[in-house]
Amino acid sequence: MIKMISRPKGTNDLLPEDIWRWHKLEELIRKECALFNFHEIRTPVFEETKLFQRGIGEGTDIVEKEMYTFLDKAERSLTLRPEGTASVVRAFIENNLQEMGLPVKLYYLGPMFRYEKPQSGRYRQFHQFGVECFGSPEPVLDAEVILLASEIYKKLGIKNVIIKLNSIGCQACRPQYIAKLKDELKKSKDSLCEDCVRRLDVNPLRVLDCKEEKCKAITKSLPPIYDYLCPECKEHFNKLKQILNLFELSYVEEPRLVRGLDYYTKTVFEFTVENLGAQNAIGAGGRYDKLVEEVGGKPTYAVGFAMGIERSLQVGGALWQKEPDVDLYIISIGDQTKEEALRQLRLARQKGLKTELDTLNRSVKAQFKQADKLKAKFCLILGPDELLQGQVKLKNMQSGEELQLPLGDWLGGIIL
RNA sequence: GUGGGCAUAGCUCAGUUGGUUAGAGCGCCAGGUUGUGGCCCUGGAGGCCGUGGGUUCAAAUCCCACUGUUCACCCCA
């Protein structure tokens, strides 16, 4: 016996018993995107490593320790995409998509890869749905992204989604806040947790959302970033809130919400649920007005969002009902009915009925059992005696009712 | 990367102070009904007890390592 090879750590096989949930979710996403006039884009699952280094930021955890990077045969450094935005931005620039006419509204759906230690709701290959809008500085576009996401969560049946909202300013105002933050935090450096001391240098904003009580106590007294926003950022944030109110979306302002990726400017937001353990964010996004430039394009306003498929399915998919596998199961009794069974099988499928029959030469009883297991709504029964008279039986599996009908005219008995 | 839990049939899990042939429920297959599902009854298949070492007369059981998995931290969707 050859040694069994199992799937790589942190990956999953999506089996038939679950995949229908994915199909349902994907269908729902595509419909909603069409309603909002977003267009699908598919980019490669791997890119030049530089793209992510530049796009996501050298200092981020993703780039520093979570990328699947490899050399191809020509010694090019390539990386399996750890997120979608950088690739879409690259494609936007490379294909001159601004020629579609601004704003350009795109969405993507597919696997992402991060070398992390797996845990609940976190895998090395996971899936994201995301949208990216290019070309408008207006908060109405931020609002549209948030609205699209909320609509999808609602239609997935996910209850109690909390929208957390913040603005982290722009290049004009954020540095001043960070400077202030550093100053204040340094004063009480000794009381901060180990991680926060490190954050002080790497990304001071993150100290704000530390879960340690002692750090919370310190940051509690610090001024919120809102006080430091420039007039433009302030106005943007206030307008966005007005529009969300108009859409009747309830959100929670989170002055401490910051995001891990370097590219965000102004708006940041996060969708969370409670019953998901530590990985409670099912989606997140924000505005990134500088990223297109940083990746090598013309200055272009942009705002986007990404949703974790696995996590969303974990919360939303549990209550969904599966569609039955087949409408009709054809049961044949005795060898002399097998040929006719095949003819009827073909006919039924041509008429659009999901149809199955026994291919293991099993007993009549076993055939019925199989029909039952597949939740067939009807069974077409071909018995030698009836067949001689040109008749078949049609059994309604739910009521148990059985009709005898002419061989050429049983389809009329099917009511789905 | 750091720390804890777990690993026995396809699935969920029992397995006594270490003691002969390792069990149950569910699922799967067949029969009870020479042509009728769900309920019930009977039978059957299916295990190198995660892998490798060690302790012992004897290991699923004790010890170590590795791998996998799971939960949390870091971080993130």
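Given the structure is predicted, the values throughout are model-derived calculations rather than measurements. Every chain is numbered from 1 and lettered A, B, ... according to where its sequence line falls, protein lines coming before strand lines.
The separation between A:M397 atom CE and B:G37 atom P is 9 Å, rounded to whole Å. Rounded to whole angstrom, the span from the CD1 atom of A:I56 across to the P atom of B:C76 amounts to 11 Å. Atom CD in A:E116 sits roughly 12 Å away from atom P in B:G1 (whole-Å rounding). When rounded to the nearest whole Å, the span between OH of A:Y263 and P of B:C76 equals 11 Å. Atom pair A:R122:CZ and B:C71:C1' shows a separation of 12 Å (rounding to whole Å applied). Atom pair A:N280:CG and B:A72:C1' shows a separation of 13 Å (rounding to whole Å applied). The separation between A:L374 atom CG and B:C28 atom P is 11 Å, rounded to whole Å. Rounded to whole Å, the distance from OH on A:Y68 to P on B:C76 is 18 Å.
Note on A:Y123: a base of the nucleic acid sits closer than 4.0 angstrom, heavy atoms only. Across all strands, A:G10 comes closer than 4.0 Å only to sugar-phosphate atoms, never to a base (heavy-atom distances). Looking at heavy-atom distances under 4.0 Å, A:Q279 makes contact with a base. At the heavy-atom level, A:G130 lies nowhere under 4.0 Å from the strands shown. Among the heavy atoms of the strands, none lies under 4.0 Å from A:R7. Using a 4.0 Å heavy-atom cutoff across all strands shown, A:A281 reaches sugar-phosphate atoms only and no base atom. Residue-level contact check: A:I62 touches neither bases nor backbone, having no heavy atom under 4.0 Å from any strand. Note on A:G121: a base of the nucleic acid sits closer than 4.0 angstrom, heavy atoms only.
When both pairing distances are held under 3.5 Å, B:U55 makes no Watson-Crick or G-U pair with any nucleotide shown. With both pairing distances under 3.5 Å, B:G68 is matched to B:C6 as a Watson-Crick or G-U wobble pair. The nucleotide B:G31 finds its pairing partner in B:C41, both defining distances of the Watson-Crick or G-U wobble pair being shorter than 3.5 Å. Shown here, B:U12 forms a base pair with B:A24; the pair counts as Watson-Crick or G-U wobble because both key distances fall under 3.5 Å.
Below the 3.5 angstrom threshold, one finds no donor paired with an acceptor across the side chain of A:K369 and the base of B:U36. Taking only distance into account, the side chain of A:E386 meets the base of B:G35 through a donor-acceptor pair shorter than 3.5 Å. At a cut-off of 3.5 angstrom, the base of B:U36 holds at least one donor-acceptor pair with the side chain of A:E402. For B:G37, its base sits under 3.5 Å from the side chain of A:K395 at one donor and acceptor pair at least. Between the side chain of A:R311 and the base of B:C76, a donor-acceptor pair under 3.5 Å is found.
Judged by the 6.0 Å and 45° rule, A:R124 forms a cation-pi pair with A:Y115. A:Y153 does not carry A:K155 over the face of its six-membered ring by the limits of under 6.0 Å from the centre and within 45° of the normal.
Taking the C1' atom of each, B:C29 and B:C13 are spaced 23 Å apart, rounded to whole Å. Taking the P atoms as reference points, B:C41 lies 25 Å from B:U12, given to the whole Å. The same atom, C1', is picked in B:A45 and in B:G50; the two are 24 Å apart, to the nearest Å. Across B:G46 and B:C40, the matching P atoms stand 26 Å from one another, rounded to whole Å. B:U69 and B:C11 have their C1' atoms separated by 16 Å, given to the nearest Å. Rounded to whole Å, the separation between the P atoms of B:C6 and B:G15 comes to 14 Å. Distance noted for atom C1' between B:C73 and B:A60: 33 Å (whole Å). B:G18 and B:A58 have their C1' atoms separated by 8 Å, with the value rounded to a whole Å.
Donor-acceptor pairing under 3.5 Å is lacking for the side chains of A:E386 and A:Q404. Checking A:S332 against A:K338 by side-chain atom types alone, a donor-acceptor pair falls below 3.5 Å. With hydrogens and angles left out, the side-chain atoms of A:E132 and A:T85 include a donor and acceptor closer than 3.5 Å.
A sub-4.0 Å separation between OP1 or OP2 of B:C71 and a side-chain N or O of A:Q119 is absent. For the pair A:R124 and B:U69, the criterion of a side-chain N or O lying under 4.0 Å from OP1 or OP2 is not met. Within the structure, every side-chain polar atom (N or O) of A:S120 is placed at least 4.0 Å from both OP1 and OP2 of B:U70.
Among B:C75, B:C73, B:C29, the nucleotide with an atom closest to any side-chain atom of A:E66 is B:C75. Taking only side-chain atoms of A:K9, from C-beta outward, the nucleotide of B:U69, B:C73, B:A77 with the closest atom is B:U69. Of the listed nucleotides (B:G32, B:G38, B:C75), B:G38 has the atom at the smallest distance from the side chain of A:D372. Distance from the side chain of A:S363 is smallest for B:G31 among the nucleotides B:C76, B:G31, B:G68. For A:I333, taking side-chain heavy atoms from C-beta onward, the closest of the listed nucleotides B:C74, B:G35, B:A77 is B:G35. In the set B:U33, B:C75, B:A77, the nucleotide with an atom closest to the side chain of A:D61 is B:C75. Looking at the side chain of A:K365, the nearest of the listed nucleotides B:A72, B:G37, B:G68 is B:G37. The side chain of A:K393 lies closest to B:G35, out of B:G3, B:C28, B:G35.
Remark on RNA chain B: of its neighbouring residues A:A366 and A:E310, the 5'-side contact belongs to A:A366, judged by nearest-heavy-atom nucleotide. Nearer to the 5' terminus of RNA chain B, by closest-nucleotide assignment, is the contact made by A:K117 (compared with the other of A:L382 and A:K117).
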Let me see the working for A:F126 and A:F113 under ring-ring contact (aromatic ring centres under 6.0 Å, His included), right down to the final yes or no.
CA-CA 6 Å; A:F126 63 105; A:F113 307 84; 8.0 Å; no

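Put simply, the side chain of A:T79 does not reach to within 4.5 Å of the side chain of A:L51, judged on heavy atoms. Between A:I146 and A:F269 the shortest side-chain heavy-atom distance falls below 4.5 Å.
In this structure, CD1 on A:I56 lies 12.5 Å from CD on A:E64, to the nearest 0.5 angstrom.
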